[in-house]
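One-based numbering along the sequence shown. These numbers were taken from a predicted model, which means no experiment stands behind them. FYI, side chains are in, hydrogens and waters are out, and symmetry mates aren't considered; it's all heavy atoms of this structure.
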Amino acid sequence: MKKPNVIRTVLSVAACKLTRFILRKTGRGGTAIPGIVAMKIAGNILLTASEGMEIVVVTGTNGKTTTCNMIEHALTQAGCDCLLNKSGANLLHGIAADLISNTSWLGKPKSHYAVLECDEAALKQLVPFISPKAIVVTNLFSDQVDRYGGVENTLKEIRMGVEKSPSSTLVLNAEEPLSASLALNVPNSVVWYGLDKTVGPQGNIDLADAGFCPVCDGSYKYDYHVYAHLGGFYCPKCGYKRKSPDVAVVAIEKKDTTGSTVLMKADDTVQRVVISLPAVYNIYNAAAAVAAAKAMGVSLQKAMDSLASVRSSFGRLESFDLHGNPLQMILVKNPAGCNQAFSYLLGVKEDFTLVLCLNDRTGDGHDISWINATDYEKLCEDPHVKKIFVCGDRAQDLFERLKKAGAEDGLLQIVTDYQELLKLLLEQKRPIFALPNYTAMMELRQVLVQETGKKDFWE
Ligand SMILES: [Zn+2]
C-alpha cells in the first residue's frame with residue numbers, strides 16, 4: 001500500500017474535518033460520513049493519518065468501551081498524549097473519521113498514542129492501514145447472531161484481522177476459551193490476563209458459547225469457574241488448557257456497588273488495586289487494561305493506580321443525577337452481559353426501580369430471541385426490585401418474557417414513550433437502574449441528557 005500524495009492528503013483531511021464540523025453543528029456527532037468522504041478522496045489516507053503512532057485496538061463482544069476508557073486513562077496518567085474514539089462509531093469509516101480529524105492539514109497525527117474500539121468484523125479492514133502495536137480481545141459471547149452468523153464466525157472474523165497484523169502483541173483473556181484460541185498458529189506475541197483460580201464467584205457453568213477444543217475438537221472441562229463459559233478450562237482429551245496469565249487478579253478483597261479492591265500480580269510484583277467500577281466483568285476489563293499497558297510498554301504501576309479514578313461513560317454504567325435521585329444506566333445487548341448486569345443488581349442491598357428497554361433496530365440486531373436465553377427468573381426473585389418499567393419497540397415481547405419469568409402484575413408497567421418514562425422516573429423516590437440495549441440507550445440517554453444538562457459525548 002502507498003500513501004496518498006500531498007494534494008490528495010490535504011483535500012481528504014479538509015473534507016473530513018469540514019464534514020464533521022457541519023454534522024456536529026447540526027447535532028449529529030458519532031457518524032461515519034466524514035471518514036467515508038475522506039477515504040473516497042484518498043483511499044489510503046489512514047496510512048498517513050496513523051504514521052508513527054502507537055495504537056492499541058480493542059475488540060470483542062462485551063466490555064470494549066469500558067476497556068478502551070481504562071486504557072486511555074492509564075496512558076494519559078502515564079503522561080502519554082492519547083486519542084480515543086469515544087463516539088462509539090467503531091466500524092472502519094467511523095474510526096477513520098476520528099483518526100483523520102486528529103491530524104494537521106498535511107495529515108500528520110497530533111497525538112502519538114491512540115486507543116481504538118473496533119467492531120469484531122471491521123478489525124481485518126482496519127489493521128492493514130494502522131499496524132497496531134497491540135490488539136486486545138475482551139471476550140466472545142453470542143451477540144447479534146443475525147449480523148455475524150454466530151460466535152464461531154465472529155471468531156473467524158477476528159482471526160482474519162490478527163493474521164493481517166503479525167507484529168501486533170495480542171492481549172487475551174486467559175479464561176475465555178474462544179478468544180484464547182486466537183493465540184494458536186499465529187506468530188504474534190501474547191500478553192495474557194485473567195483471574196487466578198482462587199477467586200471469582202461460582203455460578204452455573206454456561207457452555208453454550210464455549211465451543212470445542214481447537215486442537216482435538218474435544219469438550220472442555222473446568223477446574224474452576226468465573227461466569228458464563230469463563231474459567232479454568234482444559235481439554236481432558238489432549239491437554240490443551242488455559243494459559244497462566246501475565247497480569248493476574250490473585251484475590252478480590254472487596255466488591256460492592258461502588259467498585260472493587262483486588263490484588264493484582266504482574267511482572268512478579270503484587271499490588272493492591274482499586275477499581276472504581278463495580279461488577280466482576282469490570283475486574284476483567286481492568287486486568288485487560290493493565291495487560292494492554294504492558295503490551296504498550298507503559299508503566300504498570302501507573303496503569304494500576306489509574307484504575308481508582310477511571311469513569312465509565314456513554315451508557316456503560318453511566319450515572320445520572322435526577323434532581324437528587326441517582327440513575328445508573330447499563331448497556332445490555334446479549335444474555336451474558338445482561339446476566340452479569342443482573343448479578344450486579346442482586347448485590348444492591350436497597351430497594352430500587354428498574355427500567356428495561358428493548359429495540360430491534362439495525363444497531364441492535366433484529367433478532368431478539370436472546371431474551372429467552374437471559375435469566376430474568378433470577379431478576380424476578382430479587383426482593384429489592386419494587387417496580388419495573390418496560391420500554392422500547394419490543395416492550396411487549398419483554399413484558400411477556402418477564403411474566404413468564406414470574407414477575408407479578410403490579411411490578412410491571414409498559415411505557416410507550418420516553419417523555420412519559422422521564423415523568424415517571426422523576427416521581428421515583430428510590431434509586432433507578434436502567435438496562436437498555438444500544439439504540440434504546442441512545443433514546444433514553446438523550447432524554448436524560450436534556451433533563452440533567454449533562455454533556456453529549458462528542459462535546
Ligand atoms: Zn483437546
Side-chain angles (χ1 to χ4, degrees), residues 3 9 12-21 23-24 29-39 42 44-59 64-119 122-123 125-136 165 168-169 171 285 288-289 292-293 295-299 302-303 306 310-314 316 455-459:
K3 286 195 293 171
T9 300
S12 171
V13 170
C16 179
K17 291 187 180 192
L18 185 65
T19 318
R20 173 177 278 220
F21 177 77
L23 286 169
R24 286 189 174 179
T31 96
I33 297 166
I36 293 171
V37 172
M39 289 179 78
N44 290 347
I45 183 66
L46 278 179
L47 289 176
T48 312
S50 64
E51 195 177 18
M53 289 182 90
E54 295 189 63
I55 298 177
V56 49
V57 174
V58 180
T59 194
K64 287 192 284 285
T65 306
T66 304
T67 304
C68 278
N69 277 339
M70 287 174 165
I71 298 171
E72 189 252 2
H73 192 61
L75 292 177
T76 308
Q77 295 287 303
C80 307
D81 55 333
C82 190
L83 170 77
L84 172 70
N85 65 330
K86 57 184 166 187
S87 66
N90 66 7
L91 298 174
L92 177 65
H93 292 113
I95 296 169
D98 281 324
L99 277 172
I100 299 163
S101 300
N102 172 56
T103 66
S104 71
W105 295 104
L106 287 170
K108 198 172 154 20
K110 286 177 187 164
S111 41
H112 181 69
Y113 291 86
V115 181
L116 303 175
E117 174 181 333
C118 182
D119 175 87
L123 186 70
Q125 304 166 322
L126 178 69
V127 293
F129 290 117
I130 63 164
S131 308
K133 188 163 178 179
I135 298 174
V136 181
S165 200
S168 304
T169 299
V171 176
N285 293 336
M296 297 296 281
V298 173
S299 158
K302 290 228 164 68
S306 76
V310 75
R311 291 281 161 265
S312 69
S313 66
F314 197 48
R316 278 83 179 172
K455 281 188 173 173
D456 257 320
F457 61 86
W458 60 81
E459 284 171 2

K17 atom NZ, neighbour heavy-atom count above 12 within 6.0 Å: yes

Minimum side-chain heavy-atom gap V58-L116 below 4.5 Å: no

Non-hydrogen side-chain atoms of P34 and I100 separated by less than 4.5 Å: no

Close side-chain approach of I130 and L126, heavy atoms under 4.5 Å: yes

Heavy-atom pair with the smallest gap, counting every atom of S104 and K110: N-CE, 4.1 Å

Test item: S299 side-chain N/O and K302 main-chain N/O as donor-acceptor pair under 3.5 Å: yes

Side-chain heavy atoms of L83 within contact of Y113, under 4.5 Å: no

N90 side chain reached by K64 side chain, heavy atoms, under 4.5 Å: yes

Any donor-acceptor N or O pair under 3.5 Å, side chains N285, T67: yes

Heavy-atom pair with the smallest gap, counting every atom of I45 and A38: CG2-O, 4.2 Å

Contact summary for G107 and V13, nearest pair of heavy atoms: CA-CG2, 3.9 Å

Residue pair V136 / A288: nearest heavy atoms and the distance that separates them: CG1-CB, 4.4 Å

Pairwise distance CD(E54) to CG(L75) - rounded to 0.5 angstrom: 9.5 Å

Euclidean distance, F129 CZ relative to I55 CD1, rounded to 0.5 Å: 12.5 Å

E51 with K108: basic N within carboxylate O range, under 4.0 Å: no

Qualifying residues under side-chain hydrogen bond (donor to acceptor under 3.5 Å, both in side chains), relative to T169, sequence neighbours excluded: S189

Sub-4.5 Å side-chain heavy-atom contact between C16 and S101: yes

Distance-only side-chain donor-acceptor flag, D119 / T59, under 3.5 Å: no

V127 side chain near P132 side chain, heavy-atom distance below 4.5 Å: yes

Donor-acceptor pair between E117 and N85 side chains, under 3.5 angstrom: no

side-chain contact (heavy atoms from CB on, under 4.5 Å) between H112 and M53, intermediate numbers included: CA-CA 5 Å; H112 181 69; M53 289 182 90; 5.6 Å; no

Side chain proximity check, M39 to L92, heavy atoms < 4.5 angstrom: yes

Under 3.5 Å donor-acceptor, S306 side chain and A303 backbone: yes

Least distance between heavy atoms, P109 atom then A49 atom: CG-O, 3.4 Å

Residue of the set I71, V56, V115 for which side chain to side chain contact (heavy atoms under 4.5 Å, CB included) holds with C82: V115

